[in-house]
Amino acid sequence: MNNDFDYLIVLAYSIYPEISSSEGIVNRNWLEALDNTEISSLIFSKLTTNCVTRDPLGMIVISSREDKKLKVLAQLSKNKKSVLANKIYKAANKIIQAFSRHNLSLNEYAWGRFQSSRLKKIASATNGNYPIWMRVLPGMSMLPIYMAIKHIDTPLLINFNDPFSLEDLNHSKAYKKYDSIVIQMRDRIQCYTFPSWPLALRIASRYNLDLEQCFVIPHATDFNDYGNLTKPLESDRNIILSYAGTLYQSAFSEELSSAIAEHNGKIGTRFFELQFIISQYTSENLNWLKKNFSGLSIYKRLDRPDVLNKLKDSDIILIVESKDHKDLLKGKLVEAIALGKPIFCITSKASVTEKIALEYGGFVAYADEPETILEQLNLISKCLSDPKWVNEFNLKKERVREKLSNRNIAKKSLQILKFAADLYRWEKGILETRPDTPLLPRWP
């Protein structure tokens, strides 16, 4: 691939640890999966940009670095302790929104303009010899390309991690501007990638995309401990059930808390010890959690290594998702699979989570069928100590973990990049025939 391009440019506003969000972690993990390939990536993120200079011999050098101006912009966009500073920022924000074409905020407009100016300098210095891969969400990741589109003539790819259309997002003003930007840029983009095929179909329908230009790249992880076989639990000890992530009260129904309480209250059954490792929450949600769940340990805003250690000490990991997310591949699900832990998923029928969980050998209950939650809790307490079940689980989980391995994700990414480059060349008349679409698994 390095014979075709000098660099791969990645536009991803959210990258961990600059932003400690699920999108930030997913984007960082994908980039790390590419680190072991021949691709050299130039990252444009919330705080990081790239500069063009020349070495003593006059050769062009492009270097990545955190930029002071971007740091100042990030600070300005945060809540202001000073009343005066807050008023000035709000006034400037209103002016920008009034005159910008897509009602962009001050932060969006300034970040997009700054990064687009750096993109144009790289385009001028290298004659555009690079592909550009945008990572959405957030939609801000598209702004540098959109603002520099007249100066950019190179293969373009875009990855959607979440639903991204007006219908999916209830006509949210925050996404309406980006929806129109996707429509305007659609004819310039060679390839679209998604973490699941159902999500690809959903977005392709919205934007009338050619499915031969749509591909699935599951989320990568920053660890994958192959060969860590699960062992049967001692039958006389409690089961540690852990949840990690944002605390959404709407996702944790009273049916779940009631089912756990009913199971734990039966004489002779194994007790589930609940462990909540929460990154984002409100005081209201936290109080609700304490009120509705007994036998509970809560850990708040731990560093990522500490979160992983807590999950490693668990017996089974809880994955909860809303019905609106049935087409998504949850980063927390991939994280649990990478750890090789048994999983208990509360989801919707025919969801991506259900498909993967069953293939992996996990346990599945349905949010709209409360009786299934108690049934699965009873089953879990038996299976985790059953040598036959544990042996079958170990076989199933390794097959799924191989599909989600960074090696496979990097390989698929390179194949898609090659196709995007060839499709671009065909569109420009450099190649006489349209390149064959790579036959890549549409999984999950």
Side-chain angles (χ1 to χ4, degrees), residues 14-17 19-30 32 161-162 195 218-225 228 230 238-253 256-257 260 272-283 285-290 292-322 325 328-347 351-354 356-357 360 362-365 367 373 376-377 380 384 397 400-401 404:
S14 295
I15 291 184
Y16 181 86
I19 296 181
S20 298
S21 65
S22 58
E23 291 87 3
I25 293 171
V26 163
N27 288 336
R28 192 282 304 271
N29 292 344
W30 177 71
E32 289 191 348
N161 280 335
D162 286 293
H219 297 321
T221 60
D222 52 352
F223 55 91
N224 209 320
D225 186 15
N228 61 334
T230 299
N238 295 337
I239 298 172
I240 301 175
L241 174 64
S242 295
Y243 170 84
T246 301
L247 178 58
Y248 295 110
Q249 182 177 330
S250 58
F252 291 94
S253 64
L256 173 59
S257 61
I260 293 175
F272 279 93
E273 296 180 9
L274 301 182
Q275 182 172 260
F276 277 73
I277 310 155
I278 50 180
S279 55
Q280 298 181 56
Y281 58 90
T282 64
S283 297
N285 288 351
L286 198 59
N287 291 333
W288 179 89
L289 185 68
K290 294 176 181 177
N292 287 274
F293 289 85
S294 59
L296 183 65
S297 297
I298 299 176
Y299 303 91
K300 296 177 286 187
R301 297 194 176 111
L302 297 183
D303 292 335
R304 183 158 173 75
D306 294 329
V307 172
L308 297 180
N309 286 332
K310 287 292 182 185
L311 291 176
K312 287 178 182 178
D313 291 338
S314 306
D315 297 317
I316 185 167
I317 295 175
L318 175 66
I319 307 294
V320 181
E321 71 174 0
S322 68
H325 290 174
L328 306 190
L329 174 59
K330 293 182 72 67
K332 294 300 178 184
L333 174 61
V334 174
E335 196 171 82
I337 291 173
L339 282 168
K341 291 290 183 179
I343 55 176
F344 177 31
C345 301
I346 300 178
T347 181
S351 68
V352 170
T353 293
E354 180 195 40
I356 296 177
Y360 178 73
F363 302 88
V364 175
I373 299 175
Q376 291 300 300
L377 289 172
I380 291 168
L384 294 190
K397 80 175 184 181
V400 172
R401 277 148 62 91
L404 293 170

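Side chains included, hydrogens not; waters and symmetry mates left out as well; all remaining heavy atoms used. What you see is a predicted model, and the numbers here were worked out from it, not measured in a lab.
When all heavy atoms of Ile240 and Asp313 are compared, the closest pair comes out as CD1-O, 3.8 Å. Smallest separation of non-hydrogen atoms from Ala365 and Gln376: CB-CG, 4.0 Å. Annotation for Ile277 and Val307: closest pair CG2-CG2, 3.9 Å, computed over non-hydrogen atoms. Taking all atoms of both residues into account, the shortest heavy-atom contact from Ser294 to Leu274 is O-CD1, 4.1 Å.
Thr282 contributes atom OG1, which lies 10.5 Å from atom CG of Leu289 (distance to the nearest 0.5 angstrom). Distance CD/Glu273 to CG/Leu296: 11.0 Å, rounded to 0.5 Å. Note that CZ of Arg28 and CD1 of Ile19 are 13.5 Å apart. Values are rounded to the nearest 0.5 Å. The OG atom of Ser14 sits 10.0 Å away from atom CG of Asn161, with the distance rounded to the nearest 0.5 Å. Interatomic distance, Tyr360 OH to Cys345 SG, rounded to the nearest 0.5 Å: 10.0 Å.
There is a side-chain donor-acceptor pair under 3.5 Å between Thr353 and Glu321. Counting only N and O atoms by type, the side chains of Ser242 and Gln275 include a donor and acceptor under 3.5 Å apart.
In this pair, Tyr243 and Phe276 present their aromatic rings tilted. The plane angle is within the 30 to 60° band.
Contact of the Leu311 side chain with the Lys341 side chain is not registered, since no non-hydrogen atoms from C-beta on lie closer than 4.5 Å. Within the 4.5 Å cutoff, the side chain of Asn29 has no heavy atoms near those of the His219 side chain. Residues Pro218 and Pro195 fail the side-chain proximity criterion, which asks for heavy atoms closer than 4.5 Å. Residues Ile373 and Phe344 form a side-chain contact, since some pair of their non-hydrogen atoms from C-beta on lies under 4.5 Å apart. For the pair Phe363 and Ile316, the minimum side-chain heavy-atom distance is below 4.5 Å. Side-chain atoms of Ile278 and Leu286, non-hydrogen and from C-beta on, do get closer than 4.5 Å to each other. Lys330 has its side chain within reach of Ile319: a pair of non-hydrogen atoms, C-beta onward, lies under 4.5 Å apart. Thr246 places none of its side-chain heavy atoms less than 4.5 Å from the side chain of Tyr281.
Counting only distance, with no hydrogens or angles, the side chain of Asn27 and the backbone of Ile15 share no donor-acceptor pair below 3.5 Å. Checked by atom type and distance alone, the side chain of Asn285 pairs as donor or acceptor with a backbone atom of Leu247 at under 3.5 Å. Under a 3.5 Å cut-off, the side chain of Ser314 and the backbone N or O of Ile317 do not form any donor-acceptor pair. Judged by distance alone, the side chain of Asp306 and the main-chain N or O of Leu302 form no donor-acceptor pair under 3.5 Å. The main-chain N or O of Gln280 is never found under 3.5 Å from a side-chain atom of Arg301 such that the two would form a donor-acceptor pair.
Ion pairing of Glu335 with Arg304 is present here, as a side-chain N (NZ or NE/NH1/NH2) and a carboxylate O approach within less than 4.0 Å.
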Taking it one step at a time, do Ile356 and Leu329 satisfy side-chain contact (heavy atoms from CB on, under 4.5 Å)?
CA-CA 9 Å; Ile356 296 177; Leu329 174 59; 3.4 Å; yes
Apply side-chain contact (heavy atoms from CB on, under 4.5 Å) to Ile298 and Lys290, showing your working.
CA-CA 9 Å; Ile298 299 176; Lys290 294 176 181 177; 3.8 Å; yes
Using the rule given for side-chain contact (heavy atoms from CB on, under 4.5 Å), can you reason through Asp315 versus Leu241, listing the C-alpha separation, both sets of side-chain angles and the distance that settles it, and then say yes or no?
CA-CA 6 Å; Asp315 297 317; Leu241 174 64; over 6 Å; no
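Residues satisfying the side chain to side chain donor-acceptor pair (under 3.5 Å) criterion with Thr230, sequence neighbours excluded, are Lys397.
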